[in-house]
Amino acid sequence: MIGHLRLIDDMSRPLRKAMGGMLKFGAAATGIGVATTGIAFAADSVKKAMDFESQMKTVQALTGATDEQTKAMQQLALEQGALTK
């Protein structure tokens, strides 16, 4: 009986090793997916910030607002944007 169990254990060892390798690969792939998503999110955030700054400069140029007035408009825009989410 013990010999039979040892034979089964010896036969299943390669399968257990393969499964362990697949689990490690799955964890690594998940980590890469999370990192890629994080990078895309950060890039999108930077682009939105740059677009916002560009739009505020356009508003300043069109209205002739001073730097102080532009900062006040920018702050109000950010506050109102936060309220809509």
Trainee: For Thr58, check side chain to side chain donor-acceptor pair (under 3.5 Å) against everything at least two apart and list the hits.
Mentor: none
Trainee: For Thr63, which residues count as a side chain to side chain donor-acceptor pair (under 3.5 Å) partner, sequence neighbours excluded?
Mentor: none
Trainee: Nearest 0.5 Å, please: how far is CD in Gln80 from CD in Gln75?
Mentor: 10.5 Å
Trainee: Among residues two or more places apart or on two chains, list those pairs meeting salt bridge (Lys or Arg N to Asp or Glu O under 4.0 Å) that have a residue in residues 52-76.
Mentor: none
Trainee: Check which hydrophobic residues are tied to Leu76 through side-chain heavy-atom contacts below 4.5 Å, counting indirect links as well, and list them.
Mentor: none
Trainee: Run through the side-chain heavy atoms of Ile, Leu, Val, Met, Phe, Trp and Tyr, join any pair under 4.5 Å, and report what else lands in Met73's cluster.
Mentor: Phe52, Met56, Val59, Leu78
